[in-house]
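Input: a single structure, listed below in structure tokens.
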Amino acid sequence: MRPKNPQWLVAGTALAGLLFAAIGVVGQSTPQKSLLALSKRNHTLAIVDPNTLQVLGRAPVGADPHEVIASSDGKTAYVSIYGGGRYHALSVIDLVGQKALPDIDTGALNGPHGLAFGGGKVWFTAEGAKAIATYDPVSAKIDWIMGTGQNRTHMLYVTPDVKQVYTTNVSSATVSILEKVTLPPMGPPPGMRPPQGSTPPPPPPGGNQPRMDWNETVISVGKGDEGFDVSRDGRELWTANAQDGTLSVVDLTTRTVTATLDAKTFGANRLKFTPDGKLVLISSLGDGDLVIYDAVSRKEFKRVKIGHGAAGILIDRDGNRAFIACGPDNYVAVMDLKTLAVTSHIDVGGEPDGLAWAIRP
């Protein structure tokens, strides 16, 4: 038992207060719509009120957090703990209680990075394992894995009907399209007949039922493709190719590259369409400009100075604002999409990166 030392009690209370203030586990109540922002340096997830732009709470996450996604009910956040392809965990945050929950150990699926939430499951890339997988929060299990056979399977997009998955493979300079398909029942091996007069063996469990499988299409794009997005009408996929400074436009119907744009966006990190589908925003780790392209003419529209380099991009659903994580400047820039001017900055912690919305019905 510790001695009842008033000085120790005062010092301990003060230290506890500093720790809670630093981590921000206890904060103001989380609003129905929240902006989530990761800090790589502080290893925290900030919960921000998008109306006041005030940080309402922070919760600790694992080392080297990169991307964040929220569950469809807006109550839980999942954070990929990357480690350059070495780590194997997803941090989990209770957004209502603003506190950390036990990590998800992804095991041999090391290097989790890209995240999506669809069909009630967490989808994630495992860069070190060259794979994509899903985690079911209900069963608390990883229940599906598919290898891409590509190097550095990085970012991720899952269609609303969860029947197609798109991913960029940075070091292979490719895009993978995974499509869920229905196959006929397995049945007996072709040409196999039971001996004359014998009773045919029963089919294997589920043998008379259609089977679900995934087919992969691999498309070559520019070198160092990383950030990408799908157009609002679902017809095109644009990638930002960091090594050669180009943008690749993929027709998702024909699954071919229809245009390669010399955008001079070297070091490009993320790419996002505006909700109206008219503009494409591209951030770069090595450049302080946010490059804006006209999606129809496929020409550069404007460059906006936002800092000294940027990563994550998040856009309001109403299309009024864009939030850009400027790591070297230690802030999230807020840009008015009507005037294309930076109007504010948010301090979410050192070296911000992944951004996401959490919306509770």
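Lys75 places none of its side-chain heavy atoms less than 4.5 Å from the side chain of Leu95. His113 is not listed as a side-chain neighbour of Arg152, based on a closest heavy-atom distance of 4.5 Å or more. Residues Thr260 and Asn241 form no side-chain contact, since every pair of their non-hydrogen atoms from C-beta on lies 4.5 Å or further apart. Contact check for His345 versus Asp329: no side-chain heavy atoms found under the 4.5 Å cut-off. Inter-residue side-chain proximity for Trp144 and Asp136 is flagged as unmet; no heavy-atom pair is nearer than 4.5 Å. Looking at heavy atoms from C-beta onward, Val291 lies in side-chain contact with Arg303 at the 4.5 angstrom threshold. Residues Thr76 and Val92 have side chains in contact (heavy-atom distance under 4.5 Å, counting atoms from C-beta outward). Looking only at side-chain heavy atoms (C-beta outward), His88 and Asp105 come within less than 4.5 Å of each other.
Between atom CG of residue Asp347 and atom OH of residue Tyr331 there is a gap of 11.5 Å, rounded to the nearest 0.5 Å. In this structure, the separation between NZ on Lys121 and NZ on Lys141 is 12.0 Å, given to the nearest 0.5 Å. Considering NE2 of His43 and CD of Glu351, their distance stands at 9.0 Å, rounded to 0.5 Å. In this structure, Lys302 NZ and Leu279 CG are separated by 11.0 Å, a value rounded to the nearest 0.5 Å. Here CG of Leu38 is found 10.5 Å from CG of Asp64. Values are rounded to the nearest 0.5 Å. Gln150 CD to Thr167 OG1: the interatomic distance, rounded to the nearest 0.5 Å, is 9.5 Å.
Under a hydrophobic-cluster definition in which Ile, Leu, Val, Met, Phe, Trp and Tyr are linked whenever side-chain heavy atoms come within less than 4.5 Å, directly or via other members, Ile104 and Val79 are assigned to different clusters. The same ILVMFWY cluster, assembled from side-chain heavy atoms under 4.5 Å apart, contains both Val342 and Leu337. Under the 4.5 Å side-chain heavy-atom criterion for Ile, Leu, Val, Met, Phe, Trp and Tyr, Leu290 and Ile282 are members of distinct hydrophobic clusters. Both Val61 and Val68 are part of a single hydrophobic cluster, where members link through side-chain heavy atoms under 4.5 Å apart. Side-chain heavy atoms closer than 4.5 Å link hydrophobic residues (I, L, V, M, F, W, Y) into clusters, and following such links, even through other members, never connects Val181 to Trp123.
Between the side chain of Arg360 and the backbone N or O of Val96, no donor-acceptor pair lies under 3.5 Å. Side chain of Thr106 to main chain of Leu109: a donor-acceptor pair is present (N/O by atom type, distance under 3.5 Å, no hydrogens or angles). Arg58 places no side-chain N or O within donor-acceptor distance of the main-chain N or O of Leu56, the cut-off being under 3.5 Å. A donor-acceptor pair under 3.5 Å links the side-chain atoms of Thr159 to the main chain of Gln164, judged by distance alone. Although no hydrogens or angles enter the test, the distance criterion places no donor-acceptor pair under 3.5 Å between the side chain of Asp49 and the main chain of Gln54. Side-chain atoms of Asn110 come within 3.5 Å of backbone atoms of Gly85 as a donor-acceptor pair (strictly under, hydrogens ignored). Within the 3.5 Å criterion, the main-chain N or O of Asn151 finds no donor-acceptor partner in the side chain of Ser171. The closest donor-acceptor contact from the side chain of Gln98 to the backbone of Gln28 lies under 3.5 Å. Judged by distance alone, with hydrogens and angles left aside, the side-chain atoms of Thr343 form no donor-acceptor pair with the main-chain N or O of Asp336 at under 3.5 Å. Counting only distance, with no hydrogens or angles, the side chain of Thr174 and the backbone of Val218 share no donor-acceptor pair below 3.5 Å.
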Given the rule in the side-chain contact (heavy atoms from CB on, under 4.5 Å) test, do Trp357 and Leu35 qualify, once you have shown the distances and angles that lead to the verdict? CA-CA 5 Å; Trp357 292 115; Leu35 168 66; 3.9 Å; yes
Before you tell me yes or no, could you show the steps for Phe124 and Ile142 under side-chain contact (heavy atoms from CB on, under 4.5 Å), namely the whole-Å CA-CA distance, both residues' side-chain angles and the distance that decides it to 0.1 Å? CA-CA 10 Å; Phe124 64 96; Ile142 294 172; 4.1 Å; yes
Pair Leu340-Met335, side-chain contact (heavy atoms from CB on, under 4.5 Å): steps then yes or no: CA-CA 6 Å; Leu340 299 180; Met335 189 177 74; 4.1 Å; yes
Report the C-alpha separation of Thr182 and Met212 in whole Å, then their side-chain angles, then the decisive distance to 0.1 Å, and conclude whether the side-chain contact (heavy atoms from CB on, under 4.5 Å) test is met. CA-CA 5 Å; Thr182 302; Met212 305 306 297; 3.5 Å; yes
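Counting only residues at least two apart or on different chains, the side chain to side chain donor-acceptor pair (under 3.5 Å) pairs with a member in residues 213-228 are His154-Glu226, Ser176-Glu216, Thr217-Arg255, Glu226-Asn269, Glu226-Arg270.
Taking all atoms of both residues into account, the shortest heavy-atom contact from Pro112 to Tyr87 is CD-O, 3.2 Å. The heavy-atom pair separating Tyr166 from Val230 by the smallest distance is CD1-CG2, 3.6 Å. Shortest non-hydrogen contact noted between Ser248 and Val221 is OG-CB, 3.6 Å. Contact record, Leu36 with Ala70: CD1-CB, 4.2 Å, taken as the closest heavy-atom pair. The two residues Val122 and Pro137 come nearest to each other via the heavy atoms CG2-CG, 4.5 Å. A pairwise comparison of heavy atoms in Val348 and Pro352 identifies CG2-CB, 3.6 Å as the closest pair.
In terms of the side-chain hydrogen bond (donor to acceptor under 3.5 Å, both in side chains) criterion, Thr253 has no residue partners (sequence neighbours excluded).
In Arg235, the CZ atom is not crowded: 12 or fewer heavy atoms of neighbouring residues, nucleotides or ligands sit closer than 6.0 Å. Around the CZ atom of Phe301, the shell of radius 6.0 Å holds no more than 12 heavy atoms that belong to other residues, nucleotides or ligands. No more than 12 heavy atoms of other residues, nucleotides or ligands shown are found within 6.0 angstrom of NZ on Lys163.
With hydrogens and angles left out, the side-chain atoms of Asp262 and Thr246 include no donor and acceptor closer than 3.5 Å. No donor-acceptor contact under 3.5 angstrom links the side chains of Thr256 and Asp251, judged on distance only. In summary, the side chains of Ser284 and Asp287 do not present any donor paired with an acceptor at a separation below 3.5 Å, with no hydrogens or angles considered.
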Could you tabulate the donor-acceptor pairs under 3.5 Å formed by side-chain atoms of residues 313-328, not counting sequence neighbours?
| residue | atom | partner | partner atom | Å |
| --- | --- | --- | --- | --- |
| Asp316 | OD1 | Lys33 | NZ | 3.1 |
| Asp316 | OD2 | Arg321 | NE | 2.9 |
| Asp316 | OD2 | Arg321 | NH2 | 3.0 |
| Asp318 | OD1 | Asn320 | N | 3.0 |
| Asp318 | OD2 | Asn320 | ND2 | 3.1 |
| Arg321 | NH1 | Pro50 | O | 2.8 |
| Arg321 | NH2 | Pro50 | O | 3.1 |

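The one candidate from Val158, Leu90, Thr125, Leu156 that meets the side chain to side chain contact (heavy atoms under 4.5 Å, CB included) condition with Leu115 is Leu90.
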